[in-house]
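The next block holds one structure in the form of structure tokens; read it before the comments.
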Amino acid sequence: MTLLAQVAPTAGGTAEVVVFWVFAVIALGSAIAVISLRNVVHGAVMLVLNFLSIGGLFLTLESAFLSVIQVLVYGGAIMVLFLFVIMLLGVDRDDLLQADLRTRVLAIAGGALLAGAVLFAFVGPYTSEASVCGPDAPAPGPGEVACAGLAEAYDEDDGAGARFLGRSLFTTYTYPFELAALLLTVATIGAVILARRRDLEPEDEDLADLDAAAADDLDGDDLDGASGAAAERHVAGDGPGTTERGG
Amino acid sequence: MLAEYLPILLLFLVASAFAVGSVAVSSLVGPRQPNPTKLSAYESGNEPLADVPGTRFSVKFYMVAMLFLIFDIEAVFLYPWALVFRELGWFGLGQMALFVGILGVAFIYEIGRGGLEWD
């Protein structure tokens, strides 16, 4: 395990290696179970196990903050989204799992390509001797990466890496940080547009301005239940094109 | 150090042992006198609704989950930001204001489009 030795040189004790192996085996096994189980809900539970064990791997690297975030965001929020998508599509829909030969070949090729690209771009530079942290590390040659960042990370005294993470996130990586917000916004707006084809009430639409007086009357009268029907009548009365907004 | 987490590991071990042990002991020594009511999914409650194959949930749950994700991630980013807030000064404040502002657009849009209305 060269990579573990490279990442945690000061804490490369026996306990760390044992914990790393336990979590690594659980992570790999659950990942294989995710793609091989026929029942998608069981697959989702295995995905939770995978996220938890990756959180454990972060803990092995003494990054308690990332570990907690992994459990909170991936094991919590992302998994809720996954489960809702499974429920939206229907749990017992076996026909969704059918794939013809062409799809399978394309999927395997795409997955291999992605895995190869990730290995080449992110893991490759760290497999050389120069990336091993320590006083006797040789100078990095072309295409190799020196041990960097970890010394600073270990110098941080909050013990969880959160301060270090915040400092680099809000100075060096400002642009990706704001892009993440934009990405989330786009995802949310897309989900709203896809999910809500028909508007509930026209009060915040421009067709409400056409007869605002009538809308005011209706809103004042029916506070519960009937306002939806009133909105229906409004939409129907305004002709085509208004019923299917954002579809 | 990793040794600080030893109590948490012990807690996990004890919890797992308790869960496995309870099931094992009750299956070993518990009496078995099944009847249809006992074997139903909720012994004294409603029958599960989703027993028809292909039952699908409403997309409205997804809207709620999406909002949950937005605020979850926002809170996650607020924590390291708060730790280095004094060092960053006004730059950090503006940065976080922009971040919350962009996410606020998504939030206001979803509320405005009735993403949380349950018609």
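First the proteins, then the strands, lettered A, B, ... as listed; each starts at 1.
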Checklist outcome for this item: Looking only at heavy atoms, the pair that brings A:Ala24 and A:Leu57 closest together is N-CD2, 4.2 Å
Checklist outcome for this item: Most contact-rich option vs chain B, by heavy-atom pairs under 4.5 angstrom, among A:Val186, A:Thr171, A:Val73, is A:Val73
Item to check | Under 4.5 Å from any heavy atom of chain B - which part of A:Leu83 | outcome: neither
Item to check | Residue, of A:Ile189, A:Leu184, A:Val80, that accumulates the most heavy atom pairs under 4.5 Å with chain B | outcome: A:Ile189
Next on the checklist: Using only non-hydrogen atoms and a strict under-4.5 angstrom cutoff, which residues of residues 66-79 of chain B touch chain A?
Outcome noted: B:Met66, B:Phe68, B:Leu69, B:Ile70, B:Asp72, B:Ile73, B:Val76, B:Phe77, B:Tyr79
Next on the checklist: So which atom in A:Leu81 and which in B:Ala65 form the shortest heavy-atom distance, rounded to 0.1 Å?
Outcome noted: CD2-CB, 3.6 Å
Item to check | Heavy-atom proximity to chain B below 4.5 Å, by part of A:Ile69 | outcome: side chain
Item to check | Between A:Leu169, A:Val68, A:Thr174, A:Ile78, the one whose heavy-atom pairs under 4.5 Å with chain B are most numerous | outcome: A:Thr174
Next on the checklist: Which atoms of B:Glu110 are under 4.5 Å from chain A, going by heavy atoms: the side chain, the backbone, both sets, or neither?
Outcome noted: both
Next on the checklist: So if I take each residue of residues 92-104 of chain B and look for any heavy atom under 4.5 Å from a heavy atom in chain A, which residues do I end up with?
Outcome noted: B:Gln95, B:Met96, B:Leu98, B:Phe99, B:Ile102, B:Leu103
Checklist entry - How about B:Tyr109: does its OH atom have over 12 heavy atoms from other parts shown lying under 6.0 Å from it? => result yes
Item to check | Over all atoms of both residues, closest heavy-atom pair of B:Pro80 and A:Gly166 | outcome: CB-CA, 3.6 Å
Next on the checklist: So which residue, A:Ala187, A:Ala180, A:Ala77, ends up with the most heavy-atom pairs under 4.5 Å with chain B?
Outcome noted: A:Ala77
Checklist entry - Would a line drawn from the ring center of B:Tyr62 to the ring center of A:Phe84 be shorter than 6.0 Å? => result no
Item to check | Shortest non-hydrogen separation from A:Ser30 to A:Met46 and the atoms involved | outcome: CB-O, 3.5 Å
